[in-house]
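Fair warning: this is a prediction, and the values are worked out from it, not measured in the lab. Each chain gets a letter, A, B and so on, in the order the sequences are listed, and its residues count up from 1.
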Amino acid sequence: MTSVLYDVPGPKARRISLIGSIIGVIVIGGLLVLAVMTLAQQGIFDPTRWAVFQIPDVWALIGNGILATLSAAAVAAVIAFPLGLLLSLMRISDIAWIRIPTRIVLEFLRGMPVVLMMFFVLLVFATGSFVAVVAGLVLYNSAIFAEIIRAGIQSLPKGQREAGLAIGLTSFASRRSIELPQAIRRMLPSLVAQLVVLLKDTSLGYIVSYEELLRKVQIMADFLGPAYLFPVFFVAAVIYIAINFSVSRLAIWIEKRGSKKAAGGVMHVPVAGIPTK
Amino acid sequence: MTAFMTRRKSLLVAASAALALSLSACGGSSTSTSNPPVAEKPSFAADTTMAKLSSAGKIVIGTKFDQPLFGQKGLDGKPVGFDVEMGKLIAGKLGIPADKIEWKETVSANREQFIKNGDVDIIVATYTINDKRKAEVSFAGPYYEAGQALMVNKDNTSITKPEDVKGKNVCSVTGSTPAATIVEKYGAVLVPAATYSACLEPLRNKQVEAITTDNVILAGFVAKEPDAFKLASDQTFTKEPYGIGLKKDDTVFRNWINDQLEAFDKDGSYKKAWEATAGTVIKTAPTLPAINRHSRLSAPLPLRQPKEPMDVIIENLPQYWDGFLRTLFLSVVSGIIALIFGTILAAARVSPIAALRGFSMTYVEIVRNTPLTIAFFFAAVVLPRLGVTFQQFEVAAIIALSAYTSAFIAEAVRSGVNSVPVGQAEAARSIGMKFSQVLSLIILPQALRTVIPPMINILIALVKNSSVAGAFYVLELFGYGRQLANANGDAVLWVLVGVAFFYLLITVPLGYVATVVERKVAIAR
């Protein structure tokens, strides 16, 4: 693995690097062991506390929670993406009376906490909690998608649009068939990263008491008693990380695949564990 | 009310074999199957709510899902508790069997709204009858009278009455009536939490001195952990008559429910419902309080001028401003820490030392994929267990926010590094620069410039994410918003518009800076 940032390490540098690595691993590992031991002293790893996971009902609840999380995220994403696409085109429209109001709306949506939007939809429009969660996520994420796509379009070399217009395409046709495909490809990693954010933000549904994974786990911990708080939260955290990690992997895979086609020179920085080309 | 719980020590020490048993003992599965008698084809005068519900054959009842002994969701997904039993009894009189009841979770903030919008038919949710609420909804009952109390650690002897908590940290639920009482009347410092059960950990870790809410809720906690907690005193310092909420001025329905409550008392089903639920830990059985048959207010409400909608914002400006400053403080401190730590992480990610790369990547991957609420949970609940103690919960919030945000900053900077043309690094190296020089003099300055707009977006997200701190013991703008929304049920829209305005006061200028920077500093391509 070579990098343009530094020379291929020689024997000395490799040795230093190895020593550094070992020290690093020992320090971090030591801290982790210390943390685990402290927790163990408080009986958190007591087998009885983990016995709850032998109850089928517990897994049924967790399963329902995952389903609720995924369904809210999926519905929100499916609505938010096209909306974001539309907003991004409006945001960079040549027509001022489309561009300027869109910009104001986007600034507004971008600037509001998701919890506030969910709470607002729930209390003011008196919807159910599912609708409130989805509406909050859509409002916020469509604005972010719009910003990402806009940044992608504007990061393209000017010549792309100029060439498009020069061969007689209309403004919209140039956006559609020349700029958007490149912009979306270029921004795919950010878009997928935002998708992960959206997925995680479903957990903010606690504010409107939408029973997604985290809320289910909380209710379960309340019911079972505080001794089970740590185990159930730990399992929830692991599940979240597993789901999001898979989506993130997808992003990296796309990034890798996309970068082969990307316009212009993209510098490849070595990333541990992921061979670049 | 005097309270009284059994010393059923066993619950928490129960071995796995006894688990199922102990679960049912906490008021769980055994009662969830209780099916009160269902009236056969009851007849009601046409056009009454009873007739409508009865002929529809189903009813939507709002209750709490996190209130031990009264309304708590069990593992099978069905709520159990005294409130739930009352709901079932009433449904039964309408000819609706328990399995045709749709239980809807209500939280303190949305109960009036749910009734007004017809999302629920009735609410049985430890719902205190008071004049302010009577202006919005009607109440049948009361069917139980609780009172506010304090719960402290077992070894605490300094707090026996509410006056003792002056200036001390007391945990309660954001926007709840007990929270307002303990602050306004007794001068406690409120540590707000999302639910009452979320208050237990800070109390155990001695970060708060007491938890306050209705005695019956606290008694439920004490019963589960008699070795850890106790009630500060058997005396309560407020009266909280629980009523059954229904649509305002539906007097016929209200009177009918009142009649049923009295009938339940006579035929013993009231007592039975109690014994099956709250009575498992609170031994003194309650008597049905005198039903309040007139809808008159206990005292005439002060004549309120018809208010301009904006008034609620102007009246509460000091609170908004305080919340705004707290949010700003959280965001600025966390933002600075995150920027520094995130840039270091990004540098580590491209460094020649494998361990640094590995650490940076693992950290970023884990944190980016964890919901913020879990990060907060670890900072506020698990860290104190590890011996990192703090009296100010702002510390936990800042730890959570900066640890979370720095992962995103690191990713942004890394993608910025990727966007710097290869030739830059090659040129720098060919004139003899070391890795640290290439990175700090050539790559990072250019990278940071291209990533300024995304970075500002991350900071904007940080400002908004700080609103989650409201659920983790920190009072900030959104927390104030929830309090105000609770206190001003009639002007929720404007309360929230006010909150939005103050968030925009931070985020819009930031967004503007992003645009300007993008235009001026970014490298033209």
Interchain contact, [X] with chain A, by part (heavy-atom threshold 4.5 Å):
X         : value
Glu201(B) : side chain
Phe478(B) : side chain
Leu493(B) : both
Ile460(B) : side chain
Ser351(B) : backbone
Phe221(B) : neither

* With Glu147(A) via salt bridge (charged side-chain N to carboxylate O under 4.0 Å, His left out) - residues at least two apart ->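 Glu147(A) satisfies salt bridge (charged side-chain N to carboxylate O under 4.0 Å, His left out) with Arg91(A), Arg110(A), Arg150(A) once adjacent residues are dropped.
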Residue [X] versus chain B: region with a heavy atom under 4.5 Å:
X         : answer
Val247(A) : neither
Val115(A) : both
Tyr140(A) : side chain
Ala60(A)  : neither
Ile241(A) : both
Leu116(A) : both

* Side-chain donor or acceptor of Lys73(B) paired with backbone N/O of Lys64(B) under 3.5 Å ->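 It does not hold such a pair.
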* Below 4.5 Å, heavy atoms only, C-beta onward: do Glu225(B) and Arg204(B) meet side chain to side chain? ->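 Side-chain contact under 4.5 Å: yes.
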* Asked: Top residue by heavy-atom pair count (under 4.5 Å) with chain A, among Asn117(B), Val468(B), Leu386(B)?
  ->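 Winner by heavy-atom pair count: Leu386(B).
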N/O donor to acceptor pairs below 3.5 angstrom from side-chain atoms of residues 498-507 of chain B, sequence neighbours left out:
residue   : atom : partner   : partner atom : Å
Tyr503(B) : OH   : Glu476(B) : OE1          : 3.3
Thr507(B) : OG1  : Gly111(A) : O            : 3.1
Thr507(B) : OG1  : Tyr503(B) : O            : 3.1

* Asked: How far does CG of Leu213(A) sit from CD1 of Ile62(A), to the nearest 0.5 angstrom?
  ->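 If I round to the nearest 0.5 Å, the distance is 7.0 Å.
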* How far does CG of Asn244(A) sit from CD1 of Ile239(A), to the nearest 0.5 angstrom? ->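 That separation rounds to 11.5 Å.
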* Measure the acute angle between the ring planes of Tyr404(B) and Phe408(B), then classify it against the limits of 30° and 60° as parallel, tilted or perpendicular. =>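 Because their plane-to-plane angle lies in the 30° to 60° range, the rings of Tyr404(B) and Phe408(B) count as tilted.
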* Would you please classify the geometry between the Phe233(A) ring and the Phe377(B) ring as parallel, tilted or perpendicular, with 30° and 60° separating the classes? =>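 Rings of Phe377(B) and Phe233(A): parallel, as their planes differ by under 30°.
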* Selection from Ile207(A), Val196(A), Val114(A), Leu204(A) maximising heavy-atom pairs under 4.5 Å formed with chain B ->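 The residue among Ile207(A), Val196(A), Val114(A), Leu204(A) with the greatest pair count is Ile207(A).
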* **Pairs of heavy atoms under 4.5 Å with chain B: top-ranked of Glu211(A), Gln154(A), Glu107(A)** =>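 If we count pairs closer than 4.5 Å to chain B, Glu211(A) comes out on top.
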* Asked: What are the two closest heavy atoms between Asn64(A) and Lys216(A), and how far apart are they?
  ->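 So the minimum-distance heavy-atom pair works out to CB-CE, 3.5 Å.
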* Asked: Do other residues, nucleotides or ligands put more than 12 heavy atoms under 6.0 Å from the CZ atom of Phe234(A)?
  ->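 No, because the 6.0 Å sphere around CZ of Phe234(A) holds 12 heavy atoms or fewer from other groups.
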